[in-house]
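Everything on this sheet refers to the single structure shown next.
Numbers restart at 1 for each chain; the letters A, B, ... are given by sequence-line order, proteins then strands.
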Protein chains: 2
Amino acid sequence: MPDAEKRDSLFVGALAKGLRVLRAFDETHPELSLGALAQRTGMDKSTVQRLANTLHQEGWLTKDPVTRRLRPSHAWLELAYAYYWSDPLVGNAMPKLIELSRHLEETVNFAEISGDHTIYVLRLPCQRTHFAASIIGRRLPALSTSVGRAILSTWPEPDRDAAIENWPLKEFTPRTTLDRASIRNSIEEAAARGFAISRDEMILNELAVAAPICGPDGRAIAAVQCSVSAYSWNDDSLLKKIVPPLLDTANAISPSLRM
Amino acid sequence: MPDAEKRDSLFVGALAKGLRVLRAFDETHPELSLGALAQRTGMDKSTVQRLANTLHQEGWLTKDPVTRRLRPSHAWLELAYAYYWSDPLVGNAMPKLIELSRHLEETVNFAEISGDHTIYVLRLPCQRTHFAASIIGRRLPALSTSVGRAILSTWPEPDRDAAIENWPLKEFTPRTTLDRASIRNSIEEAAARGFAISRDEMILNELAVAAPICGPDGRAIAAVQCSVSAYSWNDDSLLKKIVPPLLDTANAISPSLRM
DNA sequence: TCTGCTGTATCGCAATGCAATACTGTTTAT
DNA sequence: ATAAACAGTATTGCATTGCGATACAGCAGA
């Protein structure tokens, strides 16, 4: 392990390496051969062999009997299941999101902040979109999403500023905002109005509105989001039809009241 | 490791143990202390300490700063994300499920067979139900679910019989079928009609219909399912309104045609 | 303040995971 | 066809690394 020199004595390297094997699978690498795994993880071929073998025996990797390639197993979904039970917000959020989705008949999402990214935790797709926009677990740079901006809009000045300065940005479409001053404006507007809007950030012709879910300290860690097509919606209709129920839903989920 | 004596030399015990720590979290144990983890995994306290520490450092466990308890982290959802990209059926299924859900305005699920259980892979909840019925990754005994029966109905005799004889059953409601002969009837009926119906198996007052998704060999490994309330639906309306589009959807997802 | 708890740190031993290497089987090019 | 190239599988000796007993610290409640 050349990267991390002096890890304390209660660090189990073999476990960390094994998990790095799991992390090697992503949207561009849905299945991998042993050799490819070795390459991607930077580990020795025989190390990967043992780790992958163990993961396979323990049911974490599925092995195609003919190509010998490895793929994520159903166990990966079971972990998501366990996650849902452990997240204190999800239990309240789910029924309210369902109602919102039924009412709006538009795609509704629930996302949380995870470091400097947002991650989709619950998704209720209503319209056909591209695949990545309809499955859970997707991480996106927080500054580029309506969810991230809605959440940041509730944070105290110093934290918010630090985020705006330092958090990463990535160009997804030609219209992705890469200018941090514009992002600051967007967040301040969100702070004033109680919700954030973003346009064409992740995909073109997409309009997203997000309302933060505040904890007892007023600081949000999650948001409810509604994503619609700019073909069918504009600012006015958004504000009239979508924003009010969206805010209601967010407030209903917020744990502050129940404490 | 007393349980598995003679594991071959390419087995990394530390990795397996670490993963067992992850598996210790489930619906009844959403968060665990170090001591509780040691108990549940049957491992030594200091072993668990090191493993949990490693998992925490690597971002797999979240540690509550005040209670010191450990919880699943967002990484668990990221694994689900990777899983979705790797599952060859999910990409086709998703848009079609969305359409079906919009059309029926009822809860639609996509589940696969996983050993002797079924596992929910995609869920589009439309009505409020209990929490477990609306999140992905849930495993249920295949013989008790409409999905499992729909899938088994496409299997050749010997496999099907072996499953009916040996696969596990568990009582979820007072009306859960525990009689294997009845289950055989149900599966045979499904084979004749092309879809399976179940009633009150998992929760009372629930009606579920499932249509198998067959591979090129005619053998199903997945099914589309629609779950409705027996309060609003009966056999007739189910057959008229739900079954036809359900079968259409299942056929549209089946990969056989595209090969 | 004492007692019992739960989480954190230390340490010597040997079990265990490491990487080099050799083997097997399947695919590609000549 | 035959050979060469490649990917997956097995073996082995060595020392690194993970093991668990034990001792320490920080916080409850009595």
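The distance from atom CZ of A:Phe11 to atom P of C:dG17 is 15 Å, rounded to the nearest whole Å. Distance, A:Leu51 CG to C:dG17 C1': 9 Å, rounded to whole Å.
Contact between the side-chain N/O atoms of A:Arg68 and the OP1/OP2 oxygens of D:dT9 is found at a separation under 4.0 Å. Distances shown here put every side-chain N or O of B:Arg50 at or beyond 4.0 Å from the OP1 or OP2 atom of C:dT8. In this structure, A:Lys17 does not reach the D:dT17 phosphate: none of its side-chain N or O atoms is under 4.0 Å from OP1 or OP2. Proximity of B:Lys63 to the phosphate of C:dT8: a side-chain N or O atom is located under 4.0 Å from OP1 or OP2.
When heavy atoms are screened at a 4.0 angstrom cut-off, A:Ser33 is found touching the sugar-phosphate backbone but no base atom.
Salt-bridge annotation for A:Arg138 and A:Glu27: absent, with no side-chain N of the basic residue lying under 4.0 Å from a carboxylate O of the acidic one.
Taking the salt bridge (Lys or Arg N to Asp or Glu O under 4.0 Å) definition, one finds that B:Asp248 meets it with nothing, sequence neighbours left out.
Using modelled atom types, one finds a donor on one side chain and an acceptor on the other under 3.5 Å when comparing B:Asp26 with B:His29.
Each of B:Thr47 and A:Thr67 lies near DNA chain D, and the nucleotide nearest A:Thr67 is the one positioned closer to the 5' end.
Axis angle across the helix from C:dT1-D:dA30 to C:dT30-D:dA1, with five pairs used at each end and values rounded to 10°: 40°.
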